[in-house]
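Heavy atoms only: backbone and side chains are in, while hydrogens, waters and symmetry mates are out. Within every chain, numbering begins at 1; the chains are lettered A, B, ... in the order of the sequence lines, protein sequences first and strands thereafter.
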Number of protein chains: 2
Amino acid sequence: MSAKRSGPDLGLGEFIRRQRELGHLSVRQLADVCGISNAYLSQIERGLRNPSSFVLKALADGLELSAETLYAQAGILDPSNGEAGDVVEAVRRDPYLSARQREMLVEMYESFRKVNDAAE
Amino acid sequence: MSAKRSGPDLGLGEFIRRQRELGHLSVRQLADVCGISNAYLSQIERGLRNPSSFVLKALADGLELSAETLYAQAGILDPSNGEAGDVVEAVRRDPYLSARQREMLVEMYESFRKVNDAAE
DNA sequence: CGGATATGCTAACTTTTGCAAGCAGTAATT
DNA sequence: AATTACTGCTTGCAAAAGTTAGCATATCCG
């Protein structure tokens, strides 16, 4: 058995489900895009199954997420790479944007976050 | 321009074996450290088995490699992974946005960059 | 020559992944 | 009410992952 679901995989399934719902996709639609069965995706989302590396990769692609983010959520990758992405900071540091453009991007980003929070 | 690639198309199993031998470990020793059976490790190294995410993670730890390196070798993670502070990367890694929202932000960012380039 | 001991590999077995098919619920048409 | 078309969930099974026990060879020591 070795490593199993004892502990920190709490949330991978829910994270996937949340991402799926943010994209307004049904279980079947996402499963289809990822090339897996809807039954299996349903089980993954509820934590009943432990997807293999390749399925996880397919899910990352289907959700248009970086694979690092998903793997970090699964507790497999160190979050040092996956979590650091502060969009606002990256925008503010970008030397190729004008102040006005930075402001627009930040506002757009924050309004997205706000909308998602409200739709929770 | 193509940057230099180290060990282009080395299979995952062969890569693991090479790393293990570089560390002067036997199959049993590495398997023990990783918490898997020696038989299974042997099969992984010869490409007869396809290890799960957790086993891959354990192998990375046992070999004292970054998990990213091993996952890149497995063809699961994109090897281009180092550039920090990039807006696009930050957006792609943000787990609170939907795929559609990420796409919109990236397109907005890139159109800004394009406009700025043209006006240079 | 034994006999430990270490190497990697094979075989038989158990457990988990992943899928095809079907079930129950909801909402809109007819 | 019946049909059609969605939604997500459950079931039973084939295939793959992963383990325990054992085989064969090689080295080292008395």
S.K.: Return no unless some side-chain N or O of A/Arg46 is found under 4.0 Å from OP1 or OP2 of D/dT10.
M.R.: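 Yes, such a contact exists.
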S.K.: Between B/Arg49 (CZ) and C/dT15 (P), how many Å, whole number?
M.R.: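 Going from B/Arg49 (CZ) to C/dT15 (P), I get 16 Å.
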S.K.: Any donor-acceptor pair under 3.5 Å joining the side chain of A/Asn38 to the base of C/dC19?
M.R.: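 Donor-acceptor pair under 3.5 Å: no.
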S.K.: I need the CD-P distance between A/Gln43 and C/dT16, as an integer number of Å.
M.R.: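 These atoms are roughly 14 Å apart.
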S.K.: Please report the interatomic distance CG(A/Leu59) to CG(A/Leu41), rounded to the nearest 0.5 Å.
M.R.: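 So the CG of A/Leu59 and the CG of A/Leu41 are separated by 6.5 Å.
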S.K.: Find the distance A/Leu41:CG to D/dT7:P and express it as a whole number of Å.
M.R.: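 Roughly 12 Å, once rounded to whole Å.
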S.K.: Can you give me every donor-acceptor pair (side chain of residues 27-40 of chain B, partner residue at least two apart or in another chain, under 3.5 Å) with its distance?
M.R.:
| from | atom 1 | to | atom 2 | distance (Å) |
| --- | --- | --- | --- | --- |
| B/Gln29 | OE1 | B/Ser26 | N | 2.9 |
| B/Ser37 | OG | B/Tyr40 | N | 3.1 |

S.K.: OH of B/Tyr40 versus P of C/dT15: gap in Å, rounded?
M.R.: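 So the OH-P distance, B/Tyr40 to C/dT15, works out to 16 Å.
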S.K.: Could you state the CG-P distance from A/Asn50 to D/dA17, rounded to the nearest angstrom?
M.R.: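 From A/Asn50 CG to D/dA17 P: 14 Å.
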S.K.: Let's see if you can work this out: which of C/dG8, C/dA21, D/dT19 has an atom nearest to the side-chain heavy atoms of A/Ala39?
M.R.: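 Ranking C/dG8, C/dA21, D/dT19 by closest atom to the A/Ala39 side chain puts C/dA21 first.
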S.K.: So which protein N/O to nucleotides 25-28 of chain C N/O distances come out below 3.5 Å?
M.R.:
none

S.K.: Hey, does A/Glu45 reach any base, or is it just sugar-phosphate, or nothing, if we go heavy atoms under 4.0 Å?
M.R.: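 Nothing, no heavy atom under 4.0 Å.
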S.K.: Toward the 5' end of DNA chain D, which comes first, A/Ser42 or B/Ile44, by nearest nucleotide?
M.R.: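 Closest to the 5' end, via its nearest nucleotide, is A/Ser42.
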S.K.: Does the side chain of B/Ser52 get closer than 4.0 angstrom to OP1 or OP2 of D/dG18 through an N or O atom?
M.R.: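 Answer is yes, contact under 4.0 Å.
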S.K.: Would you kindly give the CD-to-P distance between A/Gln29 and D/dC6, to the nearest whole Å?
M.R.: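 Spelled out: CD on A/Gln29 to P on D/dC6 is 10 Å.
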S.K.: Does A/Glu14 come within less than 4.0 Å of A/Arg46, counting only side-chain N to carboxylate O?
M.R.: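 No.
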S.K.: What's the closest nucleotide to the side chain of B/Arg28 if the choices are D/dG18, C/dT7, D/dC9?
M.R.: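 So the nucleotide nearest the side chain must be C/dT7.
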S.K.: For B/Ser26 and C/dT7, is the shortest distance between a side-chain N/O and OP1 or OP2 below 4.0 Å?
M.R.: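 Result: yes.
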S.K.: Could you tell me how far apart A/His24 (NE2) and D/dC6 (P) are, to the nearest whole angstrom?
M.R.: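 After rounding, the gap between these two atoms is 18 Å.
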S.K.: Could you tell me the separation between the CZ atom of A/Arg18 and the CD atom of A/Glu45, rounded to the nearest 0.5 Å?
M.R.: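 A/Arg18 CZ to A/Glu45 CD: 13.0 Å, rounded to 0.5 Å.
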S.K.: Would you kindly confirm whether A/Leu22 and A/Phe112 end up in one hydrophobic cluster when ILVMFWY residues are joined by side chain heavy atoms under 4.5 Å apart?
M.R.: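 In one cluster with A/Leu22: A/Phe112, no.
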S.K.: At 4.0 Å (heavy atoms only), tell me whether A/Ser37 reaches a base, stays on the sugar-phosphate, or touches nothing.
M.R.: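 The answer is base, as A/Ser37 lies within the cut-off (heavy atoms under 4.0 Å) of a base atom.
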S.K.: Please check the phosphate of D/dG8 (OP1 and OP2 only) for any side-chain N or O of A/Arg20 closer than 4.0 Å.
M.R.: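 So the side chain of A/Arg20 is within the cut-off, an N or O lying under 4.0 Å from OP1 or OP2 of D/dG8.
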